Amino acid sequence: MRKIIINKNVELINCLMLLISFIAACALPFDVFLFSYAFLGPLHYLTELQWLKNKNFFLEKSDVGVFIFFAVLIAALLFLPFLNIYLFRADIFSGIILSIFFIFCSYLLFVLKNRTSKLLLGILILFVGLLYFFKPNLIILLGLFIPTLIHVYVFTTFFMISGYFKAPDSFGLINIMLLLSVPFVIYFLPVENLVFSGINAEKIFNSTGFKIINDQLVFFFGKNISKTNVVLKAQIFIAFAYTYHYLNWFAKTSVIGWAKSLELKKMIFVLGIWILSIALYLYNYQTGLTVLFVLSMIHVLAEFPLNALSVKTIFQKIISKK
């Protein structure tokens, strides 16, 4: 009974975090993103990496060393085109990300034992392969979105659905439905009229590599909306997705149990790096973004096995019910 009460309280807090993220993103889409990425992001990376390490990254112990090596190597390779933001090559970046995507799919094929799940995943891989030849622009979008919006929104949704299947709760289901409805609310309602972000925040955002994410996301909103409004709608979604991704992690501390993995020495180390990262962002946002880029990408890659297990859980539950 006590565990059920704790879960409900956590889901209520999680719901509050979702609503706060959405309202804040509507009012200050550029400011909220910059704040969340600089202040909440590093603390999320550091605490989650410690937790994943204690869980052996949800891999067999014999695979952990190789996994860490390739995660660091790939993050370093992704850092090379990032060094010069203004000469950013989306096609090169996407090519590297797509390689990671196929590695992710290969891992899924390994951990999924159900034949139907493997068949569905095989169809997905074939579909992506066909897109590469017939719709290369869409492939570039996919490559850009995997470590960004797919990571913070799609995989967060999968994680929540997986958690709901393991421990069904009405509040948890409501949160999932709210999370899924946000893109539609942003698209169909004039939420951009609530925006009063400062010009300075938008200039800082445009000076970072994240502007390309906004530019590419505009493609999905259609041409029936004015250019200014569609840019704001895209940014509202980006700010919401990132902010809620971080707050969801901190809201579920008692459920996930990541705080237990932090001993005193580790906690001091994490807090020290976090404070240093904030200082870098306050000194110069681009400097902070550049210095912490590899850490952010390592955390994205380190989550892949967990993402795979979340997808596996969802497939198994859906198939078992059928």
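Owing to the predicted nature of the structure, the values given are computational and were not obtained by experimental measurement. Just so you know, these numbers use all the heavy atoms, side chains as well, and skip hydrogens, waters and symmetry mates.
- With values rounded to the nearest 0.5 angstrom, L46 atom CG is found 7.0 Å from F269 atom CZ.
- Below 30°, between 30° and 60°, or above 60°: for F240 and F237 the angle between ring planes is between 30° and 60°, a tilted geometry.
- For K211, the salt bridge (charged side-chain N to carboxylate O under 4.0 Å, His left out) criterion is met by D215, not counting sequence neighbours.
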Can you give the donor-acceptor pairs under 3.5 Å from side chains of residues 14-29 to other protein atoms, not counting sequence neighbours?
| from | atom 1 | to | atom 2 | distance (Å) |
| --- | --- | --- | --- | --- |
| N14 | OD1 | Y244 | OH | 2.9 |
| N14 | OD1 | N248 | ND2 | 3.1 |
| N14 | ND2 | Y244 | OH | 3.0 |
| S21 | OG | M17 | O | 2.7 |

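- Residue L49 holds its CG atom at 11.0 Å from CG of N54, rounded to the nearest 0.5 Å.
- Checked against the 6.0 Å centroid criterion, the rings of F58 and W51 qualify as a close aromatic pair.
- L194 and F35 are assigned to two separate hydrophobic clusters, defined by single-linkage of ILVMFWY side chains at heavy-atom distances under 4.5 Å.
- Atom CG of L189 and atom CD1 of I236 lie 10.5 Å apart (nearest 0.5 Å).
- Annotation: side chain of P42 is not in contact with side chain of Y37 (no heavy-atom distance under 4.5 Å).
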Decide ring-ring contact (aromatic ring centres under 6.0 Å, His included) for F33 and F210; before the verdict, give the C-alpha distance in whole Å, the side-chain angles of both, and the deciding distance to 0.1 Å.
CA-CA 10 Å; F33 171 80; F210 284 102; 5.0 Å; yes
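- F165 contributes atom CZ, which lies 8.0 Å from atom NZ of K317 (distance to the nearest 0.5 angstrom).
- Atom-to-atom distance recorded for I278:CD1 and L282:CG is 7.0 Å, nearest 0.5 angstrom.
- Under the 4.5 Å side-chain criterion, counting only non-hydrogen atoms from C-beta, L232 is in contact with F30.
- Using a 4.5 Å heavy-atom cutoff, the side chains of V154 and L149 are not in contact.
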Donor-acceptor contacts under 3.5 Å from residues 156-163 side chains, at least two apart:
| from | atom 1 | to | atom 2 | distance (Å) |
| --- | --- | --- | --- | --- |
| T156 | OG1 | V152 | O | 2.7 |
| T156 | OG1 | H245 | ND1 | 2.8 |
| T157 | OG1 | Y153 | O | 2.7 |

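- Distance check, rounded to the nearest 0.5 Å: CG of L34 to CG of N200 gives 9.0 Å.
- Two different hydrophobic clusters hold W274 and L276 under the rule that ILVMFWY side chains link at heavy-atom gaps under 4.5 Å.
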